[in-house]
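Numbering of ligands and ligand atoms starts at 1, following listing order. Heavy-atom basis, side chains included; hydrogens, waters and symmetry copies ignored.
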Amino acid sequence: MALRSENFLLRRYIEKAMVDLPAIPGIVIQVIQAADRDEVTTAEIEALISKDAAIATKILKVVNSAYFGLPRQVSTVGQAVVILGLHQVRNLAMSLGVLSALSSTNPRIMEYQKGFWSQSFASAACAQEVARMRGLPKKDQDAIFVGGLLHDIGRLFLITLFNLPYQQVIREAATTDLPLRLVEERVLGASHAELGAALAERWNFPEELVVMIRNHDGDFTQGQPYSEYCVHIADVLAAEIDDSELAVKPLPVSSDAAAWARLSDDDVERIKANIQIDVEKARELLGIL
Ligand SMILES: [Fe+2]
Ligand SMILES: [Fe+2]
C-alpha cells in the first residue's frame, strides 16, 4: 500500500510494522479457507481447531460464557460448530486471531485496548441489529456482526503499535474538528480504514469482511452494499455513545445508508440502549480471554 504522509519517518515505521506484523495463528487462516468450501464438514473444522489448544480452549470459554447464554455446557469444538454453525465458529476464530496478533503486555496500552474492544462489541451488536431490522438473512447478519466487531482493526493496530503518535492524531482531530480520516491521512499516510483493510487482506480474511472494513467511513461499493451500510451506521451510532479517551466526533450517517435503513428516532434510541447492555456482557467476555 502506498502511504502518503508528511512525516517520512513515521510513515516508514508504519510500513515496516505492516510487513513485520505478528502473524495470526496459522490455524485461523486454515479455518477461514476451510469454511469457504461448500463441502467442508464439522469434523474437519473440529480437527483443525483442535490442533491449536490455545484457540480451542478460548473458543470453548467464549461459547460457554454468559454472552452466548447457551442452556448447557459445550465441551467440544465439534458441539460448538453444531450449535453455533460453521460461520459463527470461523468468525470467533478470526476475532481470537486478531486479539492474539495485536496483543500487548503494556498496562497502559491494555487499558486502551479494553476500551477499543468494548466499543467494537457495541458496533457489532448495533450492526447486527440494523441487519435484523431490515430482514437480512441470518448468514449475512452473522457476517455483519463480525464486520462491526472488526471494522476498526486499523485503529487497534495504531493503538497497539503507535500509541503516542496515534493519541496525537486523535487529539488533533478532536481539537480541530477535522474528520479523523483527514488527520490520519496527513500524519500517518493512511486512514485507519485503509490500514485495517490491508491487515485483513494480509490475514486472508474473507473479501466481504475486507470490504466492510475498508468502506466503513462511507465510501461504499457501487450498488446496494447492505453489509457496508450496516457497519457504517453502527460505526456512527457506537461513536455517538463512546466516552473513552479515544472517542472522536462521529460524522453523520451517509444519506445512502440512512435511506436504506429507514431508522426512526425511536429505533436509534432503542438500538443505543441495547448497545449498553451488550457492552456490559462483552466486558465479562473480555475478562475471560
Ligand atoms: Fe473507524
Ligand atoms: Fe468505528
By atom name, which N, O or S atom of His192 is the nearest to the Fe ion (ligand 1)?
NE2
Would you say that more than 12 heavy atoms from the other residues, nucleotides or ligands in this model lie under 6.0 Å from the CG of Asp20, or not?
yes
Under 3.5 Å, side-chain donor or acceptor atoms of residues 116-127 against the rest of the protein: list the pairs with distances, not counting sequence neighbours.
unit_1 : atom_1 : unit_2 : atom_2 : d
Ser118 : OG     : Lys114 : O      : 3.2
Gln119 : NE2    : Ala238 : O      : 2.8
Ser120 : OG     : Phe116 : O      : 3.0
Ser123 : OG     : Gln119 : O      : 3.0

Which protein N, O or S atoms sit under 2.8 Å from the Fe ion (ligand 2)?
His151 NE2, Asp152 OD2, Asp235 OD1
Go through the side-chain N and O atoms of His232 and Asp217 and say whether any donor and acceptor fall under 3.5 Å apart.
no
The single option from Val63, Val82, Val81, Leu84 that satisfies side chain to side chain contact (heavy atoms under 4.5 Å, CB included) with Val74 is Val63
Can you check whether Phe145's main-chain N or O pairs, donor with acceptor, with Gln128's side chain at less than 3.5 Å?
no
Given 3.5 Å as the limit, does a donor-acceptor pair link the side chain of Gln141 with the main chain of Leu136, or not?
yes
